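As structure tokens, the structure follows; a few thoughts come after it.
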There are 2 protein chains.
Amino acid sequence: MKTKAKDTKPYHHGNLRDALLTAARRLLETEGHSDLSLRKCATAVGVSATAPQNHFANKAALLTALAAQGYAELEAYMRRNSNEAADRNVRRQAALQGYVAFAQDHPALYELMFARDRVSSNDADLMRQVGACFVILADISKDFGQFEGDPASVDAKRQMFLWSLVHGYAQLLTANRFKKDAMLGAGILDIIPDMLIESGR
Amino acid sequence: MKTKAKDTKPYHHGNLRDALLTAARRLLETEGHSDLSLRKCATAVGVSATAPQNHFANKAALLTALAAQGYAELEAYMRRNSNEAADRNVRRQAALQGYVAFAQDHPALYELMFARDRVSSNDADLMRQVGACFVILADISKDFGQFEGDPASVDAKRQMFLWSLVHGYAQLLTANRFKKDAMLGAGILDIIPDMLIESGR
DNA sequence: GTCTTCATGTGTGCAGTGTAAACTTTTTCT
DNA sequence: AGAAAAAGTTTACACTGCACACATGAAGAC
């Protein structure tokens, strides 16, 4: 090295993959999905237009990594205010409200997390993060009784019921499909009938 | 005109807007959303690349029209096997199953119908079709009791509950988020607790 | 009947995109 | 030290949405 300025930009970035993800995340949340391009991420990080190819096989791979990161964050939202609570009711409410809060705070990312043909749904890392979120919901779902069938299918129905309800609520909320005043005042806990909850346990 | 072949393609298409929508619909369902381009629609119809601009201000306008068409079709799915039934229980079940069947038959279109930044959510025609679907669900939702509050907010909660549940179920199903065997066997009616339904009325 | 108007086509051009390929610069491994 | 690999660069190409100028033909005005 010809000992030019000591702080010249190094040829290798050092942590380009993470930097690209961070830039992509910011672009997604500020400009929206349709304005997110690999080239914009690259120039935002200060690197050539094709450098991302060394870290992501294609654009779908980057979006998949972004979605996986989203699920990890969703899990954190659900666990926040939830883990330290001893009361099962409090933990359940905190997790459900955390789920919806995440979707409201990051609507574009949340939509990406369920987009069928933008993320590659067979990615191992993605599915691991999905599973981590599902574990929390599956645990909570045990509070909801009154389904028929053998124990295994009852568990499955509880889980499907709860996830469908909270995901549907979150997406309809962020997609502005709830418009009436009476709707905007109702949170996720308000639309779960009390009679459905087996409070004890 | 030099009286060439009598059946040459006329300069004006005659019904280009509908033809473009049909082509776009086919492209969406066969190639997927990411491979849908205005140019491909144009060439599929046999028209120049920029002809669509005369009928759609931009790509979002075409996608919005496609989504509106999707809501109209969703309504038809819900009304099929539903309108002629006198029994309220039968009509409710037919409508819910029709909703899910539509999402399964047209997953790419269904996803588009809730995509925040691909369709312009302030389109009047789109919102009219959304409203038509919502009316059906709102009617059905009257069967679900046990919410608290004044009558208006109880109605709102019923509607939000039902739409969230069925939309969440439909999307999680088409996005392959239900993976366990016990889940794949459960339909939308199976995950609605019987105790929630006020059968009479 | 001609003329004018205008909706609806076509062609060209441009900035921007994802991705492939060949090359260059570092780091790392032996 | 030298080879190999990792991680950058430049160049190239097909494709996209869209703006703009122009061509065509149908429909109403006179």
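No experiment lies behind these values; they were computed from the predicted model shown.
Under the ring pair (Phe, Tyr, Trp, His ring centres under 6.0 Å) criterion, B:Phe178 pairs with B:Tyr169, not counting sequence neighbours. Applying the side chain to side chain contact (heavy atoms under 4.5 Å, CB included) criterion to B:His106, with sequence neighbours excluded, gives B:Arg25, B:Glu29, B:Glu73, B:Tyr77, B:Phe102, B:Leu109. The ring pair (Phe, Tyr, Trp, His ring centres under 6.0 Å) check on A:Phe161 picks up A:Phe147, with sequence neighbours excluded. Evaluation of the ring pair (Phe, Tyr, Trp, His ring centres under 6.0 Å) rule for B:Phe56 yields no partner, not counting sequence neighbours. Applying the side-chain hydrogen bond (donor to acceptor under 3.5 Å, both in side chains) criterion to B:Asp87, with sequence neighbours excluded, gives no partner residue.
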Heavy atoms under 4.0 Å is the rule here; annotate nucleotides 13-21 of chain D 5' to 3' with B where the base is hit, S where only the sugar-phosphate is, and - elsewhere. ---BBBBB-
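Here A:Glu111 pairs with A:Arg118 in a salt bridge; the nearest charged N to carboxylate O distance falls below 4.0 Å.
Of the side-chain N and O atoms in B:His55, one or more sit less than 4.0 angstrom from OP1 or OP2 of C:dG9.
Here B:Gly14 lies in heavy-atom contact (under 4.0 Å) with sugar-phosphate atoms only.
In this entry the distance linking CZ of B:Phe56 with P of C:dT8 reads 12 Å, nearest Å. In this structure, CG of B:Leu20 is placed 12 Å from C1' of C:dG9, rounded to the nearest angstrom. In this structure, A:Asn54 atom CG and C:dT27 atom P are separated by 16 Å, rounded to whole Å. Atom CZ in B:Arg17 sits roughly 17 Å away from atom C1' in C:dG9 (whole-Å rounding). With rounding to whole Å, B:Asn15 atom CG is found 11 Å from C:dT8 atom P.
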